[in-house]
Amino acid sequence: LSLDMDEVGLQAALLRMVKYNLLLWFHKINGFKEVIFSNPQVILKIITDLVQFKYELNGRTGKQIFSCNGVREDWCTKFRDRALISEEFLLSHELLRKHFVDDVFTVKHFIKLMCYLFIMVPLEGSHDYLMPTLLDPLNIDATNMKNIVEPLRILFPNHSAPYGMFSRLVAFLLNGEECVLEEEKTIPTCFYKNCVTFRYKKFPFTFTIIDSTSYIEVHLDSTSYIEAHLDSVRILKDICKVCPTIRKLIHKGIEKCAEVLHYSGWMDVKDGFVCSNDLCRHVAIPYEHRPNVALCSLCNKGMGLSSNHTVWITEEKIDVDDHTPKLDDLMNDVAAVIPAKWRFVGVQL
């Protein structure tokens, strides 16, 4: 089709049509400059079919459209139990394969697009791609998750996170070089649609993020690390370093995912902690100029913050000869993990 337009004019016209939602054009993705979608339903239909297939494999629907005929059993099992997808899996099922057109919109195009949108993410050391939004949900009582450091809560404006933010955040974290899934043998310890455990590569800690709709809760698992070390000063240094690092990484992920979701509210996301009011238990936000005091965004109850809280938002520099009271609460809790091992703590500090 000749439009008597040069490349600059054609690109300007396409961008204008994209602006008014008349076309979908992901020209920033390598290999996608020549792929233009006049009907986004093509992409949505593939995702819808994957959701339908997953529901059928889990026995959640009486209507059977898909079957595993022609699809290897182990591929179906990985898809059902761990939401893992491969190119071969997509091409092996005729109802999924029909969406792709050779040399125009291939399965490689689809996977690359899904990765760009943080809907899928390649798994390290594997040919599989994880689709976090298809993981099974978990009923969680986060109040039962006890640890040395108080959980961080990242609150979204209007007490509502945009739909798809959490699953995309999981994909972002796995797509970087800092985190991997924390696995026990071959099964991750916490691997659900609304709750995922990661191992941070640079530090010997794991952390779990939980989707609570209005906020994302972050738990640092430091108990096993503390049990393996006797050097209290080193433990404090590592905890005080890893907490702000994880917080910044999650905020960076929220910003990147917000770009994909066209969500401007990410700039008003606030760090907070569990409200001390037992009838509320929502998110208490620290005052800007008084970081040791927080006010609940729901019940307006004020609460004091210990170093078990502020370790997430302040980067303490630990000196062996510095008896800073800011870390007393954290040090006491560290020492309490294994009382028999800490009789010499006073001498070390």
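As the structure is a prediction and not an experimental result, all values here were calculated from the model.
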Inset, instruction - Take L181 and T197, measure what side-chain contact (heavy atoms from CB on, under 4.5 Å) needs, and give me the verdict at the end. - result: CA-CA 6 Å; L181 288 172; T197 298; over 6 Å; no
Heavy-atom side-chain contact between [X] and [Y] under 4.5 Å:
X	Y	result
F172	V121	no
Y192	P137	no
L305	P291	no
R82	L130	no

Inset, instruction - Would you mind listing every ring pair (Phe, Tyr, Trp, His ring centres under 6.0 Å) that reaches into residues 242-277, with sequence neighbours excluded? - result: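 Passing the test, one end in residues 242-277: F273-H309.
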Legend entry - ring pair (Phe, Tyr, Trp, His ring centres under 6.0 Å): pairs with one or both residues in residues 282-306, sequence neighbours excluded: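 Sorted pair list: H159-H282, Y215-H282.
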Inset, instruction - Report the residue from T208, V149, I250, I210 that forms a side chain to side chain contact (heavy atoms under 4.5 Å, CB included) with V218. - result: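 Exactly one candidate clears the test, I250.
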Inset, instruction - Classify the side-chain pair N308/S306 by whether it contains a donor and acceptor separated by less than 3.5 Å. - result: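 The answer is yes; a qualifying pair exists.
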Taking [X] for the side chain and [Y] for the main chain, is one N or O donor matched with an acceptor at less than 3.5 Å?
X	Y	result
D211	T213	yes
W312	E150	yes
T48	L44	yes
K301	N277	no

Inset, instruction - Measure the acute angle between the ring planes of F79 and F53, then classify it against the limits of 30° and 60° as parallel, tilted or perpendicular. - result: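 If you compare the ring of F79 with that of F53, the planes turn out tilted.
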Inset, instruction - Hey, can you tell me if F100 and F105 have their rings parallel, tilted or perpendicular (30° and 60° cut-offs)? - result: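 Ring orientation, 0 to 90° scale: tilted.
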Inset, instruction - Take V283 and L298 through the test side-chain contact (heavy atoms from CB on, under 4.5 Å) and record every step on the way to the result. - result: CA-CA 7 Å; V283 184; L298 195 61; over 6 Å; no
Check the surroundings of atom [atom1] in [X]: do more than 12 heavy atoms from other residues, nucleotides or ligands lie under 6.0 Å from it?
X	atom1	answer
N158	CG	no
K201	NZ	yes
K256	NZ	no

Inset, instruction - Give the intermediate values and the outcome of salt bridge (charged side-chain N to carboxylate O under 4.0 Å, His left out) for residues D136 and K193. - result: CA-CA 5 Å; D136 293 329; K193 182 177 182 177; over 6 Å; no
Inset, instruction - Tell me whether the centres of the aromatic rings in F198 and F207 are closer together than 6.0 Å. - result: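 Ring centroids of F198 and F207 are less than 6.0 Å from each other.
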Inset, instruction - Could you tell me which residues satisfy salt bridge (Lys or Arg N to Asp or Glu O under 4.0 Å) with R199, sequence neighbours excluded, listed by chain and number? - result: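 Once residues adjacent in sequence are excluded, the partners of R199 under the salt bridge (Lys or Arg N to Asp or Glu O under 4.0 Å) criterion are E182.
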Inset, instruction - Indicate if V260 and V269 have the same hydrophobic cluster label, given that clusters are the connected sets of ILVMFWY residues with side-chain heavy-atom separations under 4.5 angstrom. - result: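 Result: yes, single cluster for both.
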Legend entry - CA sep, side-chain torsions, deciding dist, call: H93, D49, side chain to side chain donor-acceptor pair (under 3.5 Å): CA-CA 11 Å; H93 202 296; D49 283 351; over 6 Å; no
Inset, instruction - For salt bridge (charged side-chain N to carboxylate O under 4.0 Å, His left out), just list the numbers for D81 and K78, CA-CA rounded to whole Å, side-chain angles, deciding distance to a tenth of an Å, and then say yes or no. - result: CA-CA 5 Å; D81 297 342; K78 286 196 295 184; over 6 Å; no
